[in-house]
Amino acid sequence: MIAKRRAKVDDRNRELLPDSPESDPREVLDYLRRFSGPDIPAWVLQAEIADALTLNNWLWWEDRRRELYFLKAGRDRGIFLAQLGSQVGGGKQGVIDRIDRLEALLRFDRPDEKITRAARRSAREARLRRPVEDAWLQARRDELIGLIAEVVGQADRYEIVDDEREWVDQLAMDARDEELAPATMIILGLAAAELRAAPGVVALRSARPCAVHAVLAHADRLRTQFAALTTATPASARRRSA
């Protein structure tokens, strides 16, 4: 995606961008830091922020995997735990705790020693929220389907190309198949981001809001209302069930 955008705007440093499948993500991030000056259109720079954060997130997890591998390899190869600890700023027990935390993190995606209890609580709260979320989606079904049609219409109007409207098209499929679910609200946010970053939308300079801005504001408003259910419903559901 980064390479396609840079080629589209005739980036004069395009040949320096590592874009093969084997490229080191760090080199791509270094390129974006070095060659993101005023000669690059704003819509490209805005879209690349999400790409850069995605790459950086992948690197963070990959670093955790490497650290866990070498800590366990060092322990298995007979290196004293105190020696390993000196490399990561801890003692013997610190190494053991670090290995435990990394294993829990990579298995459950969160670094909590009480991971099992936290996971159970999270799943329980999700079950309590689901009926309220489903009721909210049903009550706003027609409004959501109408909004999705407007998002798709604006994407067509501003000529967002196929490879830059993945979530807009997924949103359209959800509406067409009448499969509105909590995940639809996540997809709505991603689709709105695609629309907001479209070159034609970014280029709008009118002092008065355009139709696309009203559509985006409507999407943000509904997503905010839906997100409020996340914090409000578990406690109220527990009170109702007590």
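For this chain, numbers begin at 1 and follow the sequence in order.
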Participant: Can you check whether Leu204 reaches Tyr158 side chain to side chain, under 4.5 Å on heavy atoms?
Facilitator: yes

Participant: Just list the side-chain donor-acceptor pairs under 3.5 Å for residues 218-225, sequence neighbours left out, or say none.
Facilitator:
unit_1 : atom_1 : unit_2 : atom_2 : d
His218 : NE2    : Glu143 : OE2    : 2.8
Asp220 : OD2    : Arg196 : NH2    : 2.9
Thr224 : OG1    : Asp220 : O      : 2.8

Participant: Not counting sequence neighbours, which residues clear salt bridge (Lys or Arg N to Asp or Glu O under 4.0 Å) with Asp30? List them please.
Facilitator: none

Participant: Output all residues satisfying side chain to side chain donor-acceptor pair (under 3.5 Å) with Thr54, sequence neighbours left out; order by chain, then residue number.
Facilitator: none

Participant: Got a salt bridge between Glu150 and Arg157, using NZ or NE/NH1/NH2 to carboxylate O under 4.0 Å?
Facilitator: no

Participant: Show your reasoning for whether side-chain contact (heavy atoms from CB on, under 4.5 Å) applies to Glu103 and Arg98.
Facilitator: CA-CA 9 Å; Glu103 286 183 330; Arg98 196 175 186 90; over 6 Å; no

Participant: Apply side chain to side chain donor-acceptor pair (under 3.5 Å) to Gln93 and list each qualifying residue two or more places apart in sequence or on a separate chain.
Facilitator: Asp97

Participant: Is there a side-chain contact between Leu106 and Trp61 (heavy atoms, below 4.5 Å)?
Facilitator: yes

Participant: Should Lys4 and Asp19 count as an ion pair when the cut-off is N to O under 4.0 Å?
Facilitator: no

Participant: So, for Arg26 and Asp63, which heavy atoms are closest and what is the spacing to 0.1 Å?
Facilitator: NH2-OD1, 2.8 Å

Participant: What side-chain donor-acceptor pairs closer than 3.5 Å can you find for residues 177-193, not counting sequence neighbours?
Facilitator:
unit_1 : atom_1 : unit_2 : atom_2 : d
Thr184 : OG1    : Asp174 : OD2    : 3.3
Thr184 : OG1    : Glu179 : O      : 3.4
Thr184 : OG1    : Ala181 : N      : 3.0
Thr184 : OG1    : Ala181 : O      : 3.1

Participant: Would you kindly confirm whether Leu216 and Ile49 end up in one hydrophobic cluster when ILVMFWY residues are joined by side chain heavy atoms under 4.5 Å apart?
Facilitator: no

Participant: Kindly determine whether Trp60 and Asn56 satisfy side-chain contact (heavy atoms from CB on, under 4.5 Å), including the steps that lead there.
Facilitator: CA-CA 6 Å; Trp60 189 90; Asn56 201 61; 5.8 Å; no

Participant: Look at Arg5 together with Asp11 and state whether they make a salt bridge at an N to O cut-off of under 4.0 Å.
Facilitator: no

Participant: Under a single-linkage rule joining Ile, Leu, Val, Met, Phe, Trp and Tyr whose side-chain heavy atoms are separated by less than 4.5 Å, which residues share a cluster with Leu32?
Facilitator: Ile2, Leu16, Leu17, Val28, Leu29, Tyr31, Phe35, Leu55, Trp58, Leu59

Participant: Cluster question for you: counting only ILVMFWY and a side-chain heavy-atom cut-off of under 4.5 Å, with indirect links fine, are Leu45 and Trp43 together?
Facilitator: yes

